[in-house]
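Bear in mind the structure is a predicted one, so any value in this text is a computation, not a measurement.
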Amino acid sequence: MEQIAMVLLMGGNSTRMGTSKGELVWEGKAFAEKIAGELSLCGPVYLSLSEDTPHSTLQEKYPCIVDSENHIGPIGGISAVLHQISEDSCFVCACDMPFMSAAYVNQIRKLWHNFHQDIPEDLTARSGNVVDALLVKGKDGRIYTTAGIYRKSILPNIDKQIYQGNYRLRDLLEISKVSFIDELSLGILRKSLININTMEEFIKYDPTQNKTDPAE
């Protein structure tokens with residue numbers, strides 16, 4: 001069975017939050033520490049960093065991969081990771097998703113393996129049967145470009161877009177072979193998709209400040 005690397009994206013600017021989102025404390029742990037702990041239950045963890053990502057003790061615990069180009073968004077981190085890891089695929093998670101759980105990752109991984117279980121190991125990435133990515137799509141059409149799996153077969157498209165100065169993951173998905181999971185089919189696991197971009201959202205979902213049900 002194909003091993004999947006776990007990747008935590010930590011190279012963002014956190015401009016809307018105004019402070020490093022990965023260092024925000026959630027249930028007694030920093031976002032990044034809490035998420036990495038969940039990911040570590042599912043496979044080898046790599047930290048995706050920019051050149052100026054603040055140092056943390058987490059970087060001493062897990063291998064770090066620095067973006068080849070600074071601050072071009074998630075596409076830069078995904079590119080650097082896929083170029084450097086030995087695994088053929090990686091599960092990508094942003095550091096602003098404190099509800100991420102090992103149960104969610106395992107469900108996505110199970111669905112991913114279902115797509116490839118009948119494909120011979122020596123099949124090339126150019127085969128029409130190989131899925132480049134597996135992502136979740138919401139009922140409103142929103143595509144969750146993190147909290148999903150990307151395969152090395154998508155690298156030629158990523159490299160071409162970065163060369164052209166196009167850093168939009170949405171555009172990448174349009175030219176790649178992507179399978180989508182209906183968000184509602186995940187049931188309560190869909191709460192793992194919640195990301196915290198602003199201090200208002202942090203206050204809204206912080207369990208120490210109110211009783212908002214994240215699954216609603």
Side-chain angles (χ1 to χ4, degrees), residues 1-14 19-110 112-113 116 121 125 132-135 144-159 161-162 167 169 172 192-193 195-196:
M1 183 177 290
E2 177 183 330
Q3 188 176 35
I4 301 174
M6 302 290 123
V7 177
L8 180 56
L9 299 176
M10 298 177 61
N13 288 324
S14 301
T19 186
S20 174
K21 288 185 284 188
E23 296 303 312
L24 290 172
V25 176
W26 192 271
E27 297 179 344
K29 293 183 179 180
F31 274 21
E33 179 185 3
K34 184 176 184 297
I35 298 167
E38 291 293 320
L39 297 181
S40 68
L41 300 175
C42 305
V45 176
Y46 298 85
L47 305 182
S48 171
L49 313 173
S50 63
E51 291 181 352
D52 52 3
T53 299
H55 183 269
S56 68
T57 55
L58 204 62
Q59 295 174 30
E60 300 171 4
K61 186 174 182 179
Y62 301 106
C64 300
I65 297 177
V66 179
D67 295 351
S68 55
E69 293 194 38
N70 233 16
H71 302 306
I72 62 172
I75 195 170
I78 295 171
S79 172
V81 166
L82 286 177
H83 273 292
Q84 294 188 47
I85 62 174
S86 59
E87 294 83 2
D88 288 329
S89 307
C90 64
F91 175 87
V92 176
C93 182
C95 69
D96 60 2
M97 306 179 81
F99 292 102
M100 181 53 60
S101 68
Y104 172 91
V105 178
N106 284 330
Q107 178 63 15
I108 302 300
R109 184 169 57 178
K110 177 182 177 181
W112 174 259
H113 286 313
H116 298 95
E121 292 183 1
D132 296 321
L134 178 63
L135 303 172
Y144 293 88
T145 53
T146 56
I149 294 175
Y150 290 84
R151 202 171 198 272
K152 284 187 175 180
S153 56
I154 204 171
L155 272 174
N157 290 339
I158 291 180
D159 291 343
Q161 278 202 198
I162 291 178
Y167 310 132
L169 280 177
L172 172 69
S192 291
L193 296 167
N195 62 321
I196 308 296

Closest contact, heavy atoms only, Val66 versus Ser50:
CG1-C, 4.1 Å
List the steps and the verdict of side-chain contact (heavy atoms from CB on, under 4.5 Å) for Lys61 and Leu47.
CA-CA 10 Å; Lys61 186 174 182 179; Leu47 305 182; over 6 Å; no
Thr57 side chain near Glu33 side chain, heavy-atom distance below 4.5 Å:
no
Check: Ile65 and His83 side chains under 4.5 Å, non-hydrogen atoms
no
Pairing residues for Ser48 by the side-chain hydrogen bond (donor to acceptor under 3.5 Å, both in side chains) criterion, not counting sequence neighbours
Asp67
Could you tell me the separation between the NZ atom of Lys152 and the CD1 atom of Ile85, rounded to the nearest 0.5 Å?
5.5 Å
Show the nearest heavy-atom pair for residues Ser153 and Asp132, with the distance to one decimal.
OG-OD1, 2.5 Å
So, using side chain to side chain contact (heavy atoms under 4.5 Å, CB included) as the criterion, who are the partners of Ser192 when residues are at least two apart?
Met100, Ser101, Tyr104
Going by side-chain hydrogen bond (donor to acceptor under 3.5 Å, both in side chains), name the residues that satisfy it together with Glu87, two or more places apart in sequence or in a different chain.
Tyr46
For Glu60, which residues count as a side chain to side chain contact (heavy atoms under 4.5 Å, CB included) partner, sequence neighbours excluded?
His55
Applying side-chain hydrogen bond (donor to acceptor under 3.5 Å, both in side chains) to Thr146 and not counting sequence neighbours gives none
Counting N and O atoms only, with roles assigned by atom type, does the side chain of Gln161 sit under 3.5 Å from a partner on the main chain of Tyr167, one being a donor and the other an acceptor?
no
Interatomic distance, CE@Met10 vs CD1@Ile35, rounded to 0.5 Å, equals 9.0 Å
How many angstroms lie between CD1 in Ile149 and CD1 in Ile4, if you round to the nearest 0.5 Å?
4.0 Å
Minimum heavy-atom separation for Arg151 to Ser89, with atom names?
CG-OG, 3.4 Å
Can you tell me how far apart CG (Asp159) and OG (Ser79) are? Round to the nearest 0.5 Å.
5.0 Å
Separation between SG of Cys90 and CD1 of Ile78, rounded to the nearest 0.5 Å
6.5 Å
Side-chain touch Leu169/Tyr150, heavy atoms, less than 4.5 angstrom:
yes
Going through the checks in order, is the side-chain contact (heavy atoms from CB on, under 4.5 Å) test met by Glu38 and Val105?
CA-CA 9 Å; Glu38 291 293 320; Val105 178; over 6 Å; no
Here the gap from Leu8 atom CG to Phe91 atom CZ, rounded to the nearest 0.5 Å, amounts to 10.0 Å
Looking only at heavy atoms, the pair that brings Leu9 and Pro74 closest together is CD1-CB, 4.0 Å
Thr145: side-chain hydrogen bond (donor to acceptor under 3.5 Å, both in side chains) partners, not counting sequence neighbours:
none
For a 4.5 angstrom cut-off between non-hydrogen side-chain atoms, does Ile196 reach Phe31?
yes
